[in-house]
Amino acid sequence: MLDEQIVDVLLDQGSLDRRLTAYCELLAPPPAPLEDEALYRMVRDAWGRAPLRLYFQGPPGAAQRRTAEALAGALAVPVLAVDTEDILHDDAVLELIFREATLQGVLLHLDDVESPCTPALADRLAAYADVVTLAGSRPWAPTKRRPLGVLTVPCPPGEATRRRTTWRQALAAYGAEAAPADLDALAVRFRPSRRPTSTCRSSVEGYPSR
């Protein structure tokens, strides 16, 4: 007998399994080119063909999740973003999450995955045949139980922080301000020029005045 979530997906309801709402967000980033062309090509070539496990390593504020969202946008697919802080040892919840990613055809992104990963997560990663991105601050340590082939993608804070500051100053010059999440998105998706006039004018619309 099919469970309720499988029926919803088959009927193209587009909703997240209610059992996962405490841990996950199902998002549809706007389609946009990704600045890191090599990263985009790697994921594009693996999409639907081979498993790929990428570890975005960087300190808090390095916009790992925003990078995953921008990657999903470039691929024109949704992203299932998961806060793993309280579930890395919960095999039942992890099973539901990976099943949901397969059912929805999304880019799966796992936040707060500190290395070495738990045996429960390692088992799910090993069995997952699609693309998954993980984010953490420590260097990735190979698991003892089985090789996972995780590739580390450094996410240094410097460039993202500089762009965030540039966007905040540019918006302020037009009397507007953006929420922190919006500044992160701008910093990941767009490289401001020295005089980002036209882009900033279009970005200002909809933001509150200072």
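These values consider heavy atoms only, across backbone and side chains, with no hydrogens, waters or symmetry-generated copies.
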Interatomic distance, Leu110 atom CG to Phe98 atom CZ [nearest 0.5 angstrom]:
5.0 Å

Validation row: Leu52, Met42 side chains within 4.5 angstrom (heavy atoms):
yes

State whether the number of non-hydrogen atoms from other residues, nucleotides or ligands found under 6.0 Å of Tyr23 atom OH is greater than 12.
no

Check step by step if side-chain hydrogen bond (donor to acceptor under 3.5 Å, both in side chains) holds for Glu114 and Ser137.
CA-CA 7 Å; Glu114 290 301 345; Ser137 58; 3.0 Å; yes

Closest approach of Ala68 and His109, non-hydrogen atoms and distance?
CB-ND1, 3.4 Å

Is there a side-chain contact between Leu107 and Val131 (heavy atoms, below 4.5 Å)?
yes

If I take atom CG from residue Leu88 and atom CG from residue Leu94, how far apart are they, to the nearest 0.5 angstrom?
6.5 Å

Short N-O contact, Arg19 and Glu100, less than 4.0 angstrom
no

Just so I know, are the side chains of Thr152 and Phe56 near enough to count as touching, which here means a heavy-atom distance under 4.5 Å?
no

In terms of heavy-atom contacts, Thr143 and Cys117 come closest through CG2-SG, 3.6 Å

When every non-hydrogen atom of Pro59 is compared with those of Cys155, the smallest separation belongs to CD-O, 3.9 Å

Rounded to the nearest 0.5 Å, how far does CG of Leu151 lie from CG of Leu54?
6.0 Å

What heavy-atom pair brings Pro78 and Gly105 nearest, and what distance separates the two atoms?
CD-O, 4.3 Å

Please enumerate all residues that pass side chain to side chain contact (heavy atoms under 4.5 Å, CB included) together with Asp91, with sequence neighbours excluded.
Ala120, Arg124

From CD (Glu69) to OG1 (Thr133), nearest 0.5 Å:
10.0 Å

Output all residues satisfying salt bridge (Lys or Arg N to Asp or Glu O under 4.0 Å) with Asp130, sequence neighbours left out; order by chain, then residue number.
none

Evaluate Asp111 against Val82 for side-chain contact (heavy atoms from CB on, under 4.5 Å), listing each step before the verdict.
CA-CA 6 Å; Asp111 262 328; Val82 185; over 6 Å; no

So, do Ile97 and Cys24 sit near enough that their side-chain heavy atoms are less than 4.5 Å apart?
yes

Are Arg138 and Val113 close enough that some pair of their side-chain heavy atoms sits under 4.5 Å apart?
no

Test side-chain contact (heavy atoms from CB on, under 4.5 Å) applied to Tyr128 and Leu108, step by step:
CA-CA 10 Å; Tyr128 191 60; Leu108 177 60; 4.2 Å; yes

Would Thr118 and His89 satisfy side-chain hydrogen bond (donor to acceptor under 3.5 Å, both in side chains), going step by step from the backbone distance to the final call?
CA-CA 6 Å; Thr118 63; His89 296 275; 4.9 Å; no

Report yes or no: does Glu177 contribute a side-chain atom to a donor-acceptor pair with the main-chain N or O of Leu171 at less than 3.5 Å?
no

Residues Ala178 and Asp182: closest non-hydrogen pair is CB-CB, 4.1 Å

Does Trp140 form a side-chain contact (heavy atoms from CB on, under 4.5 Å) with Leu148? I'd like the steps, not just the answer.
CA-CA 11 Å; Trp140 183 262; Leu148 294 175; 4.3 Å; yes

Please evaluate residues Val79 and Leu71 with respect to the criterion side-chain contact (heavy atoms from CB on, under 4.5 Å), reporting the C-alpha separation (whole Å), side-chain torsions for both, the decisive distance (0.1 Å), and the verdict.
CA-CA 9 Å; Val79 58; Leu71 184 56; over 6 Å; no

Under-4.0 Å salt bridge between Glu95 and Arg99
no

Spatial distance of atom CD (Glu25) from atom CG (Leu80) [nearest 0.5 Å]:
9.5 Å

Side-chain heavy atoms of Leu125 within contact of Leu134, under 4.5 Å
yes

CZ of Arg44 to CG of Leu39: how many Å apart, nearest 0.5 Å?
11.5 Å

State whether the side chain of Thr21 and the backbone N or O of Asp17 hold a donor-acceptor pair below 3.5 Å, judged by distance alone.
no

